[in-house]
Amino acid sequence: MKTIVKQTIKLGSRSYPICLGNRIINHLAEVASAESIPKNIAIITDQHVAPLHLKRVVDILRRHDFRIAEILIAPGERQKSIPTATKIITKLVKSNIERESTLFALGGGVVGDVTGFVAATYRRGVQLVQLPTTLLAMVESSIGGKTAVNHPLAKNAIGAFYQPKFVFSDVQFLQTLPSREVICGLGEVLKYAILDKNIFNFLYEHLNEILQLDLDVTQELILLCNTYKAKLIETDEFEKDTKGGRTVLNLGHTIGHALENLSKYKLHHGEAVLIGLKWELEIAGKAQIIDQNYFENISSLLERVAYHPKLNFLNYETLIRQIFKNGKKARFILPQTFGKVFITDKLKPSLIKAVIKRQLGK
Ligand code: GLY
């Protein structure tokens with residue numbers, strides 16, 4: 001048997017394991033049975049992931065007598081929407097998926113978020129299992145119970161905290177990951193590296209292996225990120241701690257979300273976060289709130305990733321309006337040193353504008 005590394009997110013009655021390993025998918029049904037998942041399930045996935053992994057997952061579960069409804073959605077952030085959630089629910093009703101059934105989210109962040117949202121609301125809540133297939137989903141979105149769909153006016157505006165019964169991450173799924181998705185995953189991984197010295201050191205040493213998706217090294221990295229995130233979730237499950245806690249995971253996201261929105265989701269979430277991390281690092285430097293040595297180390301890691309997308313769709317004024325939400329204050333989570341962030345909505349707008357101008361080459 002391939003080794004499954006099990007880590008538990010400790011949340012009292014909502015505790016659950018993250019099962020991580022390489023080539024562990026054959027053990028999915030055993031884990032599901034051990035976690036008391038009823039035999040009636042629906043697998044929700046997208047049209048990119050289905051041809052790669054769906055048949056294998058279905059075969060394994062059917063061999064263990066699971067009855068499975070298969071539900072496919074289109075790929076992409078636009079599917080994180082009420083219309084897509086409604087389409088999924090229509091199929092669940094037609095497939096006689098009842099309250100004691102379980103939804104399996106097989107895919108990346110979008111599939112995980114929209115399936116999680118449906119699980120939290122369908123028949124007032126059915127069980128959820130996360131089967132992430134992307135680096136971003138394995139390190140970030142499949143863990144911690146954030147589920148949501150977007151509103152036309154705001155990302156993740158409609159959602160719930162809803163923890164899965166278990167998360168099952170087989171890094172073998174990453175073998176088919178497009179290079180663009182590797183960068184997306186790295187966006188979130190870099191966030192963890194900025195927050196945590198261990199993750200920084202590991203990533204600095206192994207960046208090339210990660211970029212080439214060496215599966216053993218990538219698994220070690222995912223484990224480090226999961227361990228870090230587990231602690232935050234266990235102490236601040238519902239993101240109530242405005243001075244730290246889970247909020248620190250929004251590092252890079254003030255600018256990241258603005259860029260993602262303005263690109264009309266042509267920039268993927270992880271790509272936008274990666275740019276957000278770079279720009280917000282520069283803001284932290286200009287605001288003189290960051291340790292200089294740390295600043296140089298992080299800058300050098302970000303440079304090595306060498307992600308330089310064309311941002312010519314961006315209009316400076318529109319971006320500023322988006323960041324300041326039409327005249328309101330912008331809240332930033334800025335890095336100070338490992339383990340320490342500065343959360344503020346009191347930065348001088350002129351400082352932020354100067355950094356953005358420079359980044360846009362204005
Ligand atoms: N993605 C940030 C969080 O899970 O809190």
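Indexing begins at 1, ligand by ligand and atom by atom, following the structure's order.
- Side-chain contact, Glu140 with Tyr192: a donor N or O sits under 3.5 Å from an acceptor N or O.
- Of all protein heavy atoms, the one lying nearest to atom 5 (O) of ligand 1 is Arg246 NE, 2.6 Å.
- Interface atoms of ligand 1 facing Lys146, defined by a heavy-atom separation under 4.0 Å, are 2 (C), 3 (C), 4 (O), 5 (O).
- Aromatic ring pairs are classed by plane angle as parallel below 30°, tilted from 30° to 60° and perpendicular above 60°; the pair Phe168 and Phe166 is perpendicular.
- Of the protein's heavy atoms, Lys229 NZ, 2.7 Å lies nearest to atom 4 (O) of ligand 1.
- Residue contact check: Leu249 has heavy atoms under 4.0 Å from atoms 2 (C), 3 (C), 5 (O) of ligand 1.
- Annotation: Asn250 places no N or O atom under 3.5 Å from an N or O atom of ligand 1; distance criterion only.
- A donor atom on one side chain and an acceptor atom on the other are found under 3.5 Å apart for Asn150 and Glu77.
- Residues Lys191 and Glu188 are paired through a salt bridge, judged by an N-O separation under 4.0 Å between the basic side chain and the carboxylate.
- With a 6.0 Å radius and a threshold of 12 heavy atoms from other residues, nucleotides or ligands, His206 has its NE2 atom above the threshold.
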